[in-house]
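All values reported here derive from a predicted model rather than from experimental measurement.
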Amino acid sequence: SQQGEEDPQALSIQEGENATMNCSYKTSINNLQWYRQNSGRGLVHLILIRSNEREKHSGRLRVTLDTSKKSSSLLITASRAADTASYFCATDFAGNNRKLIWGLGTSLAVNP
Amino acid sequence: EAGVAQSPRYKIIEKRQSVAFWCNPISGHATLYWYQQILGQGPKLLIQFQNNGVVDDSQLPKDRFSAERLKGVDSTLKIQPAKLEDSAVYLCASSPSLAGYYEQYFGPGTRLTVT
């Protein structure tokens, strides 16, 4: 399967703590994208990191990409209850017509 | 900017019945995707259009599922006849183009329950 794999499957933390989620994949990519899904806002794009980039930031989000290890991580700093959601990595594989292959997701619960 | 629109939001049907979902992408977006998302899993691509042409339908169960994108704008996805295992959320997404690096914009989805 070309599916990315997120780790851990579930994560529960207290408000204010940091949350780290990891994604591993199997073949060369054009880019890797992180999405968030909750019942209120559906599936929303967070960050896109290209294969020649190593780190990107967006507000409280930090994404790293290690193409040698075929892995990426998403760090959410100073978490809030509103960050409670499922987080998915999606990989755009080279020569794949921009088809995204999705992982199973990490379920994050931020407790007030 | 208006987002991706989908209807209906919810649908309950009996097995062997037919159902259709509608999607209107963000204006000007050339690429349109239909996904199936089963509870607890990530989205699975069913079909991808570039304008009104099919780019990828390798995971579409063509014996029961069909999709079209007439005039390269809105799209419909049909299931006929439905099976119990088709119960899922059907997501429509769009992006500006296949060229370059673009994220996908998702609609709210249609939750289908087959009884």
Side-chain angles (χ1 to χ4, degrees), chain A residues 1-10 21 23-25 29-53 56 58 61 63 65 72 74 85-108, chain B residues 1-10 21 23 25-26 29-51 53-60 67 88-111:
Chain A
S1 168
Q2 292 179 310
Q3 198 173 48
E5 297 180 0
E6 288 94 339
D7 170 61
Q9 290 186 348
M21 288 158 267
C23 172
S24 60
Y25 57 91
I29 60 172
N30 292 317
N31 64 76
L32 184 145
Q33 304 180 26
W34 284 92
Y35 288 78
R36 177 178 62 208
Q37 186 174 40
N38 59 31
S39 57
R41 292 196 60 196
L43 199 57
V44 175
H45 177 264
L46 297 176
I47 289 183
L48 182 155
I49 186 164
R50 301 183 186 189
S51 59
N52 61 352
E53 297 175 314
K56 286 192 81 168
S58 176
L61 307 180
V63 168
L65 179 66
S72 174
L74 169 66
S86 292
Y87 291 81
F88 295 93
C89 73
T91 44
D92 175 355
F93 288 90
N96 206 31
N97 281 323
R98 292 289 186 263
K99 179 169 71 176
L100 291 180
I101 305 297
W102 297 74
L104 295 177
T106 292
S107 178
L108 173 66
Chain B
E1 169 180 86
V4 176
Q6 288 188 248
S7 68
R9 293 293 310 277
Y10 305 91
F21 312 127
C23 172
I26 292 173
H29 280 195
T31 311
L32 185 147
Y33 309 82
W34 281 103
Y35 288 93
Q36 179 192 61
Q37 185 177 24
I38 293 172
L39 187 65
Q41 298 182 18
K44 170 189 165 185
L45 180 69
L46 294 175
I47 190 167
Q48 176 183 347
F49 292 95
Q50 175 74 358
N51 296 311
V54 175
V55 176
D56 189 311
D57 63 357
S58 57
Q59 297 191 94
L60 186 73
V89 175
Y90 291 84
L91 298 165
C92 179
S94 69
S95 65
S97 173
L98 284 179
Y101 297 87
Y102 293 106
E103 64 266 33
Q104 295 181 15
Y105 297 80
F106 283 81
T110 296
R111 184 176 298 276

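Within the model, atoms CD1 of A:I101 and NZ of B:K44 stand 11.5 Å from one another, a figure rounded to the nearest 0.5 Å. Distance check, rounded to the nearest 0.5 Å: CG of A:L43 to CD of B:Q37 gives 6.5 Å. Atom OH of B:Y35 is separated from atom CG of A:L100 by 4.5 Å, given to the nearest 0.5 angstrom.
Within the 4.5 angstrom heavy-atom criterion, no atom of A:Q9 approaches chain B. For A:L48, the part lying near chain B is the side chain, with the backbone staying farther off; criterion is any non-hydrogen pair under 4.5 Å.
Residues B:Q41 and A:F88 have side chains not in contact (no heavy-atom distance under 4.5 Å, counting atoms from C-beta outward). Side-chain contact between B:S58 and A:K99 is present, with at least one heavy-atom pair separated by less than 4.5 Å.
Taking the six-membered ring wherever Trp is involved, the centroid distance between the rings of B:Y33 and A:W102 does not fall below 6.0 Å.
With no hydrogens or angles considered, no side-chain donor-acceptor pair links B:Q104 and A:Q33 at under 3.5 Å.
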